Amino acid sequence: MTDQGFASVGDGCRIAWRLDGPADAPVLMLSNSLGTTMDMWLPQLPVLTERFRVLRYDQRGHGASDAPAGGYSLDRLGRDAVELLDALGLETVDYCGLSLGGMTGQWLGVHAPERFRRIVLANTAAYMGPPSGWQARIGVVLDKGMAAIASAVLERWFTPEFLPGSPEVKATVEAWLLATSPVGYAGCCAAIRDMDLRPVIGLIRTPTLVIIGGRDPATPPAQGEEIVAAIPGARGVTFDAAHLSNIEQPEKFTTALLDFLA
């Protein structure tokens with residue numbers, strides 16, 4: 001059973017969402033990475049919808065969601081997720097977010113723990129400095145567009161040997177990136193630029209799994225291990241993958257996700 005639409009959150013931004021799977025199944029919320037869309041979760045969808053009602057959404061600035069001008073904050077991205085749950089009448093769900101989605105997940109674990117049964121944080125970090133690097137990226141995309149960074153971003157997203165053997169995947173992922181609004185991308189870059197969750201993630205008490213890409217240059221293993229060490233009782237699992245581990249190692253990712261949520 002599929003349902004989809006838009007939800008208006010607190011500041012008037014419209015968030016695109018889609019629900020797939022049995023209407024009476026528990027809900028699993030999936031949150032996308034910077035520069036992708038909810039379609040990044042398609043490798044997981046057939047298996048997940050056997051057991052879950054899967055809620056995917058496009059983070060603001062991405063996909064079919066609105067892309068308001070100006071810098072966003074992680075607080076705003078977290079409230080987008082909570083207010084989407086409110087709009088859909090969903091009280092408690094499981095959550096999985098990758099990269100930017102994992103940063104949003106850390107915020108949710110601190111500020112809205114009552115809404116989440118379990119949280120999976122994939123290929124993410126509690127802090128991604130220095131801020132000057134993100135400010136420089138904002139300047140490039142606003143001045144020259146997404147094509148100016150596409151090649152460098154793809155190199156960080158996958159291991160060198162993966163893309164040559166997966167031309168269809170490369171074309172699809174590159175299309176997501178190039179179709180992303182430069183304004184929306186820059187807005188989310190500002191949220192990452194200003195983020196430092198290190199002082200607070202130790203407050204998370206929701207059962208947490210951290211998925212780490214063993215060859216991830218964007219959020220290196222040490223940053224995932226830092227989250228595991230900071231959150232009481234958190235578990236970590238490492239794959240031979242770069243940043244988009246759910247696409248590079250879809251079977252291992254899906255298995256780890258299901259094992260934890262069970």
Side-chain angles (χ1 to χ4, degrees), residues 1-23 25-46 48-49 52-91 93-105 107-108 112 115-116 119-120 122 124 141 145-146 150 153 157 171-192 244 246-247:
M1 179 180 176
T2 297
D3 195 10
Q4 60 186 329
F6 294 88
S8 290
V9 295
D11 65 349
C13 180
R14 295 190 321 149
I15 301 297
W17 60 269
R18 179 177 170 121
L19 279 161
D20 294 283
V27 175
L28 169 61
M29 185 180 206
L30 301 177
S31 184
N32 64 290
S33 66
L34 182 69
T36 67
T37 75
M38 66 174 80
D39 283 348
M40 70 168 286
W41 300 109
L42 289 175
Q44 280 66 54
L45 204 61
L48 293 182
T49 51
F52 291 95
R53 181 82 162 143
V54 177
L55 170 60
R56 293 177 293 150
Y57 74 102
D58 291 329
Q59 291 252 27
R60 70 168 54 210
H62 291 74
S65 292
D66 289 346
Y72 310 156
S73 67
L74 196 63
D75 179 81
R76 183 62 261 172
L77 299 181
R79 292 182 188 281
D80 286 348
V82 172
E83 290 166 11
L84 173 58
L85 294 179
D86 290 344
L88 296 175
L90 300 171
E91 280 299 317
V93 303
D94 289 310
Y95 180 94
C96 175
L98 188 145
S99 190
L100 179 63
M103 298 168 197
T104 305
W107 186 97
L108 294 169
R115 307 301 294 271
F116 301 94
I119 292 175
V120 180
T124 195
V141 298
M146 298 301 295
V153 168
W157 279 359
T172 298
V173 174
E174 188 173 30
W176 294 339
L177 184 61
L178 293 175
T180 301
S181 159
V183 170
Y185 187 90
C188 285
C189 285
I192 301 172
L244 296 191
N246 75 302
I247 295 175

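Predicted model only: the values in this text are computed from it and were never measured.
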Let me see the working for W41 and L28 under side-chain contact (heavy atoms from CB on, under 4.5 Å), right down to the final yes or no.
CA-CA 12 Å; W41 300 109; L28 169 61; over 6 Å; no

Which heavy atom of [X] sits nearest a heavy atom of [Y], and at what distance?
X: P68; Y: V183; answer: O-CG1, 3.6 Å
X: A150; Y: L178; answer: CB-CD2, 3.9 Å
X: H62; Y: C188; answer: CE1-SG, 3.5 Å
X: L84; Y: A7; answer: CD1-CB, 3.7 Å
X: S31; Y: Q59; answer: OG-NE2, 2.9 Å
X: P22; Y: T49; answer: CD-O, 3.1 Å

Checking R53 side chain against A23 main chain: does a donor-acceptor pair fall under 3.5 Å?
no

Just by modelled atom types, is the L90 backbone N or O under 3.5 Å from a matching donor or acceptor in the R115 side chain?
yes

Side chain to side chain donor-acceptor pair (under 3.5 Å) pairs, two or more places apart, involving residues 171-186:
R137-Y185

For side-chain contact (heavy atoms from CB on, under 4.5 Å), just list the numbers for M103 and L77, CA-CA rounded to whole Å, side-chain angles, deciding distance to a tenth of an Å, and then say yes or no.
CA-CA 9 Å; M103 298 168 197; L77 299 181; over 6 Å; no

Value rounded to 0.5 Å, distance of [atom1] in [X] from [atom2] in [Y]:
X: M40; Y: L244; atom1: CE; atom2: CG; answer: 5.5 Å
X: M29; Y: L108; atom1: CE; atom2: CG; answer: 7.5 Å
X: T124; Y: L98; atom1: OG1; atom2: CG; answer: 7.5 Å
X: I247; Y: S33; atom1: CD1; atom2: OG; answer: 7.5 Å

Would L55 and L85 count as a side-chain contact (heavy atoms from CB on, under 4.5 Å) if you check the C-alpha gap in whole Å, the side-chain angles of each, and the deciding distance to 0.1 Å?
CA-CA 9 Å; L55 170 60; L85 294 179; 3.9 Å; yes

Set of residues satisfying side chain to side chain contact (heavy atoms under 4.5 Å, CB included) with respect to [X], sequence neighbours excluded:
X: S65; answer: I15, A16, D58
X: L42; answer: D39, L45, R56
X: P26; answer: F52
X: A175; answer: none

Test of understanding: with ring pair (Phe, Tyr, Trp, His ring centres under 6.0 Å), list the residues that count as partners of Y57, not counting sequence neighbours.
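None.
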
Listed once per pair and sorted, the salt bridge (Lys or Arg N to Asp or Glu O under 4.0 Å) pairs that draw on residues 62-72, sequence neighbours left out:
R14-D66

Qualifying salt bridge (Lys or Arg N to Asp or Glu O under 4.0 Å) pairs, either residue in residues 93-103, two or more places apart
D94-R117

If the condition is side chain to side chain donor-acceptor pair (under 3.5 Å), which residues does [X] pass it with, not counting sequence neighbours?
X: R76; value: D80, E83
X: Y72; value: none
X: T37; value: none
X: Q44; value: N246, T254

Between M38 and L30, is there a side-chain heavy-atom distance shorter than 4.5 Å?
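When only atoms from C-beta onward are counted, M38 and L30 do not touch, as no gap falls below 4.5 Å.
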
Stepwise side-chain contact (heavy atoms from CB on, under 4.5 Å) check, L74 with T104
CA-CA 7 Å; L74 196 63; T104 305; 4.3 Å; yes

